[in-house]
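This report concerns only the one structure given below.
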Amino acid sequence: GVEYVPNPNLQIDYSGLARISQLDNSSEQRSAFRGVTNEITGTNSQRPVSIAQQLRGFWSATDTDIFSFEGSFNYDFQDPLFNLLTTEQPFSALVPITGTSPYNLLQFKEITTTNQEAAINYYRVLNKTNHINFRLGNAYVSQTLSSELQEELQDGSRLPIQEQALQNDVDFTFKDFYASVLYKTKLGDLEITPSLNVHFYEIDNRQLGTSSVFQKTLLLPAVNARYNFRSSHSLTLNYDVRADFTDIQNFAQGIIVRNYNNLFAGNTMLRNSLYHNANLNYANFNMYNFLNIYGSINYSRRLNDITNIIEFDGLERINLPINIDAINESLSASANIDKRFDGFRVSLGGNWTQSLTNNIISDTPNLNEAFNQGYKASFDTRIWQVFQLELAYNLSLNDYSGQGFSNSFENHQPSANLSVDFLKSFTFEADYQYNRYVNNGTNNEQTFDLFDAELRFRKEGSPWEFKVEG
């Protein structure tokens, strides 16, 4: 990055990053159904390219008038190739294949994304306890997606499959123009920061020789409130409403092969989801009696959420994204208490999550409920500044229910960690973990344990470290 600071009141920063990667993975499996065996090999490969640039500026015009600018430009190119090799003809009711077993399909896809964002802030200090912030900005995303399916014959030649339903040539743009006002005030030990954000959204989707434009204006509020009992003891509340828009991959209508039994097609009728999020945090870090307490409660409410349903095209099943009318909700909480004594420390913690998620199975609405609990107790001590020992016990309990099924699982996990420093430059560390996993629905129980150890050598002041592990 580059930084330009001509005087204390003006600062400009620029940073850039470029990356090229090579990603490859493959899987092999055998499927047996009604006496027919299918040997399946799937290979994914791509060479993505990304470029990210950021420009920031800060200008303090006076002691009470401050301006800032933020701008970014990101470019991404993805070319995932999925190669499916099977001994039985795949998607026979939908994909016309001329060759013989083994069948070889190549799903080509290219996605190009440019993302430009810019925002200007004006920050006004009204007095010691009241500040106001105005913000103007926009985000512009342009994407193209093309895909085609080819068959590779046994002589190595390739035949493009010409069915229009199996091809994509899509142009997609997303625009977000917004104006925000944020007001911060302090009333004694209470700080309140409400804000209002007006957004104008526009989505332009062009494919199959047609173009559709969707526009929407939303007023999205947010508030932050913090009460400081003292410098390290506080209670904080956050609430905001956020609009979430999907990208080109969920809009592209042409069918794409994702796996040997997974076809996917986009939906041009998708609209934005609306997320309500509330969070309450309590923190108390006491440096006098070495007692730390932390707790949080989080609630999210998702309207018009996107979920996948299954549509049938002849005998083939196609995954299709839709906005669902039912509301998805999640409530979670966590708590932790940590107390340090002379020579040792004790910690207790827990987390709880209750979620309600809706989807559609075979045209039937389905409500999935999940309740997850986790508990942890630990004890650690350090003796003579040489031996460090930690003993812990983790317990997780998970309950799930949905259309016609319910199940619960539990995992008991005691563990121990020992670290020993010796001969000034050597450290020996060992970890042991025992797991007892229980599936209450099938009365199945599994146990396994893990042991890791490593020996490190590093001389004081040396940048080199040598390690043996197993």
Side-chain angles (χ1 to χ4, degrees), residues 23-34 36-46 48 78-97 99 101-111 143 145-152 158-170 172 207 246-270 305-324 357-366 368 400 402-403 405:
L23 306 174
D24 299 283
N25 65 77
S26 62
S27 63
E28 296 182 0
Q29 53 190 307
R30 173 181 292 180
S31 172
F33 182 69
R34 293 181 179 178
V36 177
T37 300
N38 190 10
E39 302 287 344
I40 304 163
T41 301
T43 303
N44 290 279
S45 62
Q46 62 172 310
Q78 296 173 296
D79 59 346
L81 168 63
F82 176 58
N83 185 194
L84 177 64
L85 186 65
T86 64
T87 54
E88 294 296 316
Q89 184 174 345
F91 315 116
S92 58
L94 191 63
V95 179
I97 293 179
S101 180
Y103 302 96
N104 195 348
L105 287 180
L106 298 166
Q107 175 67 74
F108 293 89
K109 185 166 65 171
E110 288 188 357
I111 305 169
Q143 292 185 292
L145 184 151
S146 61
S147 71
E148 67 169 333
L149 193 62
Q150 293 185 7
E151 177 188 3
E152 184 171 305
R158 294 179 178 177
L159 296 177
I161 296 175
Q162 302 294 340
E163 300 290 323
Q164 190 179 48
L166 301 172
Q167 300 177 17
N168 278 295
D169 185 8
V170 188
F172 175 89
Q207 59 182 307
T246 188
D247 69 354
I248 193 171
Q249 298 197 65
N250 276 337
F251 274 90
Q253 288 182 286
I255 296 171
I256 291 175
V257 177
R258 288 186 167 180
N259 208 330
Y260 79 96
N261 62 352
N262 187 339
L263 297 173
F264 180 87
N267 179 5
T268 60
M269 301 304 294
L270 289 176
D305 217 358
I306 294 177
T307 188
N308 283 346
I309 64 170
I310 295 175
E311 281 201 345
F312 288 90
D313 189 324
L315 298 175
E316 304 299 345
R317 303 190 311 168
I318 302 173
N319 289 281
L320 180 74
I322 65 165
N323 291 105
I324 196 165
T357 306
N358 293 271
N359 59 9
I360 296 176
I361 299 176
S362 300
D363 296 326
T364 302
N366 176 51
N368 298 289
Y400 303 96
Q403 186 183 46
F405 80 93

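For this chain, numbers begin at 1 and follow the sequence in order. Just so you know, these numbers use all the heavy atoms, side chains as well, and skip hydrogens, waters and symmetry mates.
To the nearest 0.5 Å, atom OG1 of residue T268 and atom CZ of residue F172 are 11.5 Å apart. From S147, atom OG reaches atom CG of L81 across 12.0 Å, with rounding to the nearest 0.5 Å. Note that CD1 of I111 is 5.0 Å distant from CD of Q78, once rounded to the nearest 0.5 Å. Rounding to the nearest 0.5 angstrom, the gap separating the CG atom in D305 from the CG atom in N358 is 9.0 Å. In this structure, CG in N359 is found 6.0 Å from CD1 in I324, a value given to the nearest 0.5 Å. To the nearest 0.5 Å, the span separating CZ on F108 from CG on L106 amounts to 4.5 Å.
A heavy-atom distance below 4.5 Å is found between the side chains of L145 and Q249. At a threshold of 4.5 Å between non-hydrogen side-chain atoms, the residues N168 and S146 do not count as touching. Looking at heavy atoms from C-beta onward, I306 lies out of side-chain contact with N267 at the 4.5 angstrom threshold. Contact check for T307 versus I322: side-chain heavy atoms found under the 4.5 Å cut-off. Under the 4.5 Å side-chain criterion, counting only non-hydrogen atoms from C-beta, T37 is not in contact with T87. With contacts defined as side-chain heavy-atom distances shorter than 4.5 Å, the pair T43/D24 does not qualify. Using a 4.5 Å heavy-atom cutoff, the side chains of L105 and I97 are in contact. The side-chain heavy atoms of P96 and I161, taken from C-beta on, include a pair separated by under 4.5 Å.
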*Verify side-chain contact (heavy atoms from CB on, under 4.5 Å) between L84 and F91, making sure each step is shown before the conclusion.*
CA-CA 11 Å; L84 177 64; F91 315 116; 4.1 Å; yes
*Checking side-chain contact (heavy atoms from CB on, under 4.5 Å) for the pair N38/F33: CA distance, chi angles, key distance, verdict?*
CA-CA 8 Å; N38 190 10; F33 182 69; over 6 Å; no
*asked:* Under the criterion side-chain contact (heavy atoms from CB on, under 4.5 Å), I'd like the reasoning laid out for I310 against N319: C-alpha separation, chi angles, the key distance, then a yes or no.
replied: CA-CA 5 Å; I310 295 175; N319 289 281; 4.0 Å; yes
*Could you walk me through whether N83 and N104 pass the side-chain hydrogen bond (donor to acceptor under 3.5 Å, both in side chains) test, one step at a time?*
CA-CA 7 Å; N83 185 194; N104 195 348; 2.5 Å; yes
For residues 250-261, dump all side-chain donor-acceptor pairs below 3.5 Å to protein atoms at least two apart in sequence or in another chain.
unit_1: N250; atom_1: ND2; unit_2: T246; atom_2: OG1; d: 2.8

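At least one donor-acceptor pair closer than 3.5 Å links the side chain of N366 to the backbone N or O of Q403. Within the 3.5 Å criterion, the main-chain N or O of V36 finds no donor-acceptor partner in the side chain of E88.
Heavy-atom minimum distance, N323 versus M269: OD1-O, 4.2 Å. In terms of heavy-atom proximity, A265 sits nearest to P321 at O-CD, 3.1 Å. When every heavy atom of Q89 is checked against every heavy atom of V95, the shortest pair comes out as NE2-O, 3.9 Å. The minimum heavy-atom distance linking E148 with Q107 is given by the pair O-NE2, 3.2 Å. Nearest heavy atoms, P90 versus Y103: CD-CB, 3.9 Å.
With a 6.0 Å radius and a threshold of 12 heavy atoms from other residues, nucleotides or ligands, E28 has its CD atom at or below the threshold.
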